[in-house]
Amino acid sequence: MSVQQVEVLVPIPILEKFSYLLPSQYKDSPPRPGTRVIVPFGNRNLVGVVWDVKKNITAKDRKLKNIKEVLDNKPLLDKESLELADWASRYYHYPLGDVISYFFPPPIRKGKDAKFAEVKFLELTSKGDFLNIDDLSKAPNQKKLIEVLKDKRELSQKAAAAYGVNTSSINALIDKGLISRYVRELSPYKKEEVPDVGSVKKKLNEEQKFAVNSIIKSENHNKVFLLNGITGSGKTEVYLQAIQEVIKKGKQALILIPEIGLAPQAEERFKKYFGERVLSFHSAKNDREKVDAWLGASKGLIDIIIGTRSSVFMPMKDIGIIVIDEEHDLSYKQVDRFRYSARDIALYRAKIEKIPVVLASATPSLETLNNSLEGKYEILNLTKRATGASLPKYLPVDLRGKELKEGFSDELIETSEEELEKGNQVLIFLNRRGYAPSLICKTCGWLSNCDRCDALMTIHKRPPKLQCHHCESQKDEPQVCPSCQSNDFLSYGYGTERIEEFLTKRFSKFPVLRIDSDSTRKKESMNEYLDLINSGRPMVLLGTQLLAKGHHFPNVTLVGILDADSGLFSADFRGSERVAQLMTQVAGRAGRDKKPGKAILQSYCPDHPQIEELIKGSYESFAKNLLLERKSAKSPPFTFQAKIQAESANSYVSRDFIKALINKLKKSKTYPKDIRVIGPLPAIMEKKSGVYRWELSVLSGSRNSLHKFLDLSQASLYDTKTSKRVRWSIDVDPLSSI
Ligand code: ADP
Ligand code: ZN
Ligand code: ZN
């Protein structure tokens, strides 16, 4: 019996799947799950994805609407992708139709053909094939084209132009019936030989060899490795060589990187190993490039995809390994709409595909470290720097009672000068962009508050403005105080622009490069900076966390951390973990090559136990201590957490929404017992972008109970009629509380 009824997912925030009838023209070859269809929905048409096909229909279903059109002649998503989407939807409590749309680049999501660009081709007609070439001796261009076509059989119109044959010659030949023109899809990817890597491939040290072998050994089953290697220990080299073995077997690899700015250098390094069958995928690519990469990966024409967060959904024909570089990085977690963690999705994907995953980091997240200590992941340690260099020496500078110049101690200035004079590069780290974090009226104490957030607006000088870093709203710096009309202002605190001003004056002989998200806004500027840095000339690099991530700067011998105390007293229990990771990563930029490096940490509380640990330079012992603290406080990863947040234009409305939700849930017969609920509480920054946010934190020792609670909540939230005034969200494994 033929298929009658089709379950379709549509990309709207609704939990149900929708059923449609299959029109008769499709009955002989009904669309399979993963195929796109156009369906009527309300008074619009939507592009949906077939989820299930059913053979029987019930009487009531006969009233269903018809599918309008089947867009693909075979499914665009395979069984594994559909299974992954289904799991992610249930795990993150986010509608499946919306989750599915993450598996497609925008044009395909919108219903465009899943095809490479179509190109005009030329070929000989049989008349042209039998032509005596000398008949064309009066038209040399036409003759040339016929000659080429006799040799190559087909040629794109663009390639013909490269032979100097213009459109009028082509048209003349078409008019004479000697050649014909047709349109064909053209893949930009060719099956190329893997280049000879003899000269690039490093001879591995014992720890690296052991790591590569362990990974290769588990190539056909699901196993998670924590590649726990200090900065510069050759982690990248390890996964490059492991991937090489996977590719040799004809399989593909997916590499996740935290930051789009790292894509060019990663791509370059991979290309040295794997030639042109490596591609990067991120938001700066245009639609054509995204579709090409997506098609290339799903048809198996690309061996390796290097991409940021959303690449974790990239369909691949035969995936053999996933690597997550800098696995601790916060950017793997999406913080709005679908609040997934690309790392955790990758772990599940690898489980479905039965392949190994490598989590690489010098500063693993506490979650990952704990899983490794519990034996769920295999730890591969790299304890030495691969080039033979030693780790940087940590030198604390006690700021108490010291006179500072624009935040710099004499020690930091003098050491920087010495290094620059020796021809080395110096990296100054301050994780705050802009000129200064606040503007204060010296007369009445007026502060540059943001109207839309519980936050201060940052002063920027280039271009001049006040800008809120939470909602991005901007205004002009006031000429006179809005409150008392005085014009006596104080720029309070330091940002990278201000430090740049100081450094440029102080070290006028040397270039100062400021690298933050303002100075690298233009697509190419990060690459230009990297080229300058790689020239090796003495210079000062000044930057935010953008500079801390993954870069290899061989000539940096000194790292100066202006404010090691920042984040020590954060309201977020994850604050110390973040600071430790960031400081270790930044300090790790020093002395990565032949010259030894040092890291100066300026602090007002050098005897604070956490700063002391950092100065000892052991992230691991620091992290293990933090784990003990978390264990006794019963906080994640020793308990599982989710957050439900409500936001609206009115603080009471948000609060009452959460209150009503929890009251309703508590009455439910299936309310799980082993759940701890905290709230409603205002978010740490209650007002943000003009809305007031209240939340409920839910904790449980059992994932199962947590999900049961969230299932109940989700059903109730979708049911709530008042929700027009309130926007709500569910965040499973939340990472930040701002
Ligand atoms: P990580 O990823 O741990 O930061 P990389 O793989 O980038 O480390 O290695 C740091 C530097 O050491 C790079 O310049 C790399 O080419 C080099 N390197 C890595 N492994 C070796 C090795 N076995 N022998 C010599 N140099 C190596
Ligand atoms: Zn004032
Ligand atoms: Zn704001």
Side-chain angles (χ1 to χ4, degrees), residues 197 199-212 227-243 255 257-258 262 265-266 268-270 272-273 323-327 358-364 380-389 391 437-458 465-475 478-490 534 548-556 584-585 588-594 685-691 693 738:
V197 293
S199 57
V200 243
K201 201 166 164 174
K202 298 271 187 308
K203 195 169 170 309
L204 300 182
N205 62 36
E206 289 307 314
E207 287 178 331
Q208 285 177 311
K209 254 189 238 162
F210 178 80
V212 173
L227 184 55
N228 181 34
I230 60 168
T231 52
S233 58
K235 297 184 285 296
T236 313
E237 203 61 37
V238 165
Y239 63 72
L240 275 165
Q241 297 202 16
I243 288 169
I255 324 301
I257 53 171
L262 294 169
Q265 62 167 37
E268 194 179 319
R269 192 158 170 194
F270 268 79
K272 283 193 189 134
Y273 258 85
V323 175
I324 300 163
D325 200 18
E326 312 289 354
E327 70 82 32
V358 178
L359 305 175
S361 178
T363 53
L380 302 169
N381 286 313
L382 303 181
T383 56
K384 295 183 277 291
R385 280 195 155 170
T387 51
L391 269 184
S438 50
L439 184 69
I440 302 178
C441 168
K442 279 190 181 168
T443 314
C444 77
W446 173 90
L447 278 170
S448 55
N449 282 309
C450 173
D451 299 334
R452 309 179 69 224
C453 307
D454 294 331
L456 295 170
M457 293 184 97
T458 301
K465 63 184 173 191
L466 291 177
Q467 187 187 31
C468 171
H469 288 180
H470 300 280
C471 70
E472 300 306 319
S473 63
Q474 299 185 2
K475 52 180 152 181
Q479 299 299 311
V480 294
C481 170
S483 168
C484 75
Q485 317 303 317
S486 141
N487 60 3
D488 197 8
F489 287 108
L490 172 70
N534 287 329
K549 294 184 182 181
H551 293 290
H552 183 63
F553 303 137
N555 217 19
V556 169
T584 311
Q585 294 284 350
R589 298 311 109 197
R592 285 171 62 96
D593 212 37
K594 301 192 179 64
M685 184 188 293
E686 185 191 348
K687 183 178 167 200
K688 188 179 170 194
S689 302
V691 292
R693 304 158 329 140
I738 309 292

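Worth knowing before you read on, the calculation uses all heavy atoms, side chains too, and leaves out hydrogens, waters and symmetry mates. Note that ligands are numbered from 1 as they come in the structure, with each ligand's atoms numbered from 1 the same way.
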Seminar exercise, completed: Closest to atom 5 (P) of ligand 1 by heavy-atom distance, out of His552, Arg269, Gln585, His551, is Arg269
Exercise. For Thr231 and ligand 1, does the shortest N/O to N/O distance drop below 3.5 Å?
Worked result: no
For this session: Quick one: look up the protein heavy atom nearest atom 18 (N) of ligand 1 and list residue, atom name and how far away it is.
Result: Ala386 CB, 3.6 Å
Exercise. Do the side chains of Gln208 and Lys202 get nearer than 4.5 Å, heavy atoms only?
Worked result: no
Exercise. Is Arg592 in contact with ligand 1, taking contact as a heavy-atom separation below 4.0 Å?
Worked result: yes
Exercise. Among Val238, Leu240, Thr387, whose heavy atom sits nearest atom 12 (O) of ligand 1?
Worked result: Thr387
For this session: Sort by chain and number the protein N/O/S atoms found under 2.8 Å from the Zn ion (ligand 3).
Result: Cys450 SG, Cys453 SG, Cys468 SG, Cys471 SG
Problem set entry | Per atom 8 (O) of ligand 1, closest listed option by heavy atom (Gly234, Ala360, Ala362) | Gly234
Exercise. Do any heavy atoms of Gly229 fall under 4.0 Å from ligand 1?
Worked result: no
Seminar exercise, completed: Those residues at least two apart in sequence (or on a different chain) that pass ring-ring contact (aromatic ring centres under 6.0 Å, His included) with Phe553 are His551
For this session: Please identify each residue that fulfils side chain to side chain donor-acceptor pair (under 3.5 Å) with Gln479, with sequence neighbours left out.
Result: none
Problem set entry | Nearest candidate to atom 22 (C) of ligand 1, where distance is taken over non-hydrogen atoms, out of Lys203, Arg589, Glu237 | Lys203
Exercise. Around the Zn ion (ligand 2), how many protein N/O/S atoms fall inside 2.8 Å?
Worked result: 4
Exercise. Considering only the protein, which heavy-atom contact is closest to atom 10 (C) of ligand 1, and what is its distance?
Worked result: Gly232 O, 3.8 Å
Exercise. What is the nearest protein non-hydrogen atom to atom 26 (N) of ligand 1, stated with its residue, atom name and distance?
Worked result: Lys202 CD, 3.4 Å
